[in-house]
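Heads up, the thing below is written out as structure tokens.
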Amino acid sequence: MREFFHSKILLTTSHRPSRNARRLVKVLAKLIPGCTKINRGKLTFKLLALQALDLNCDKLIVVRNRKGNPGYLDLYAVKPFGELIKECTVKLCGYSVSANYNKIATSIQRVLLNLMPALISNTVDIDTEFKIRTLECIIKIFNATVVSKNMNIERNENDVCMHITIPKIGKKSCTKKRNVIEIIFTRCSNGEKLLSLNICYNSYG
């Protein structure tokens, strides 16, 4: 069986997180492989970096608020001597948590993503460069393992599958559904939905 290696990630919130932000962090802590969640409290970025080094984490994710809801996922690289380098940001424009996520007793080992060519093609009405950079950021944030149908991978009940779709923008598109990348996390074993996220178009930072 092939072994997969992930970054070790420290996960936290911005100062004074909303209830919804705390809830999302709780869910993400279960879904992201190699993730350790801590309460932000009064910790500065310098102290967060030192905490990450103490825990041997090489990445930091900060869930930031926007209008009382989790609005941004900021990804930082943790460097020696407590330096943080911002790698990317994705902007959330909606999310939905399924009660099924509570069935995951421990943190999962792998997030498997079948990165279909259609996602980065020019057949949908979203800028290709934006799609590529956003997809790269999503893969890093969620410690995703990119797979294909041709790969011989033995899946187990603790694996989670990530499904990414980019809706076509037509004349009859609903405003709330336009300009988003939709991410759905399911159990690979039975397809149970765990979490869905909407990433806003032109959100990359």
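Hydrogens, waters and symmetry mates play no part in the numbers below; they use all other heavy atoms, side chains included.
- Between T36 and I9, the closest side-chain pair of non-hydrogen atoms is not below 4.5 Å.
- Between the side chains of T186 and E192, not a single donor N or O lies within less than 3.5 Å of an accepting N or O.
- Atom OG1 of T145 sits about 9.0 Å away from atom CG of L113, to the nearest 0.5 Å.
- Two residues are said to be in side-chain contact when any heavy atoms from C-beta on lie closer than 4.5 Å; I184 and K193 meet this criterion.
- Linking Ile, Leu, Val, Met, Phe, Trp and Tyr residues whenever their side-chain heavy atoms come within less than 4.5 Å places I139 and L75 in a single cluster.
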Could you give me the CA-CA distance, side-chain angles and deciding distance for I85 and K79, then say whether side-chain contact (heavy atoms from CB on, under 4.5 Å) is met?
CA-CA 7 Å; I85 304 297; K79 301 298 183 180; 3.8 Å; yes
Does the side-chain contact (heavy atoms from CB on, under 4.5 Å) test come out yes or no for L24 and T13, once each step is laid out?
CA-CA 10 Å; L24 181 59; T13 63; over 6 Å; no
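- The backbone N or O of I38 lies less than 3.5 Å from a partner atom in the side chain of T12, making a donor-acceptor pair.
- Counting heavy atoms from C-beta on, the side chains of K91 and R66 come closer than 4.5 Å.
- Looking at heavy atoms from C-beta onward, R64 lies in side-chain contact with D74 at the 4.5 angstrom threshold.
- Atom CG of N39 has 12 or fewer neighbouring heavy atoms from other residues, nucleotides or ligands inside a 6.0 Å radius.
- Scanning all heavy atoms of the two residues, the minimum distance from C35 to L11 falls at SG-CB, 3.5 Å.
- Rounding to the nearest 0.5 angstrom, the gap separating the SG atom in C88 from the NZ atom in K140 is 6.0 Å.
- Cluster annotation: L31 and V62 are assigned to distinct hydrophobic clusters (Ile/Leu/Val/Met/Phe/Trp/Tyr, side-chain heavy-atom contacts under 4.5 Å, transitive).
- A49 approaches G82 most closely through the heavy-atom pair CB-O, 3.3 Å.
- Remark: side-chain polar atoms of S7 are not paired, donor with acceptor, to backbone N or O of D58 under 3.5 angstrom.
- Side-chain atoms of N20 and N65, non-hydrogen and from C-beta on, never get closer than 4.5 Å to each other.
- The main-chain N or O of P33 is found under 3.5 Å from a side-chain atom of N143 such that the two form a donor-acceptor pair.
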Going through the distances and angles, do L92 and L73 end up as a side-chain contact (heavy atoms from CB on, under 4.5 Å)?
CA-CA 8 Å; L92 299 177; L73 303 180; 4.3 Å; yes
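- Under 4.0 Å is where a charged nitrogen must lie from a carboxylate oxygen, and between K59 and E87 at least one such pair does.
- Of the inter-residue distances, the one linking S96 atom OG with L194 atom CG reads 11.0 Å to the nearest 0.5 angstrom.
- Atom CG of residue L55 and atom CD of residue Q51 lie 5.0 Å apart, to the nearest 0.5 angstrom.
- In terms of hydrophobic clustering, with Ile, Leu, Val, Met, Phe, Trp and Tyr side chains grouped at heavy-atom distances under 4.5 Å, V27 and I199 are assigned to a common cluster.
- Linking ILVMFWY side-chain heavy atoms closer than 4.5 Å, directly or via other members, places V97 and I32 in a single hydrophobic cluster.
- Just one of V90, T134, N198 meets the side chain to side chain contact (heavy atoms under 4.5 Å, CB included) condition when paired with I181; it is T134.
- With salt bridges taken as basic N to acidic carboxylate O contacts below 4.0 Å, one links R110 and D159.
- In this structure, the side chains of L28 and I141 stay at 4.5 Å or more apart for every pair of heavy atoms.
- Without hydrogens or angle criteria, H163 side chain to F185 main chain gives no donor-acceptor distance under 3.5 Å.
- Not a single disulfide (SG to SG under 2.5 Å) links C57 to another residue, sequence neighbours left out.
- Between M162 and I164, some side-chain heavy-atom pair lies under the 4.5 Å cut-off.
- Side-chain atoms of V160 and F142, non-hydrogen and from C-beta on, never get closer than 4.5 Å to each other.
- The side-chain tip of R40 points at the ring of F45 from less than 6.0 angstrom away and within 45° of straight on.
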In sequence, state the C-alpha distance, the side-chain angles, and the governing distance for L60 and L48, and then conclude on side-chain contact (heavy atoms from CB on, under 4.5 Å).
CA-CA 8 Å; L60 169 69; L48 282 176; 4.3 Å; yes
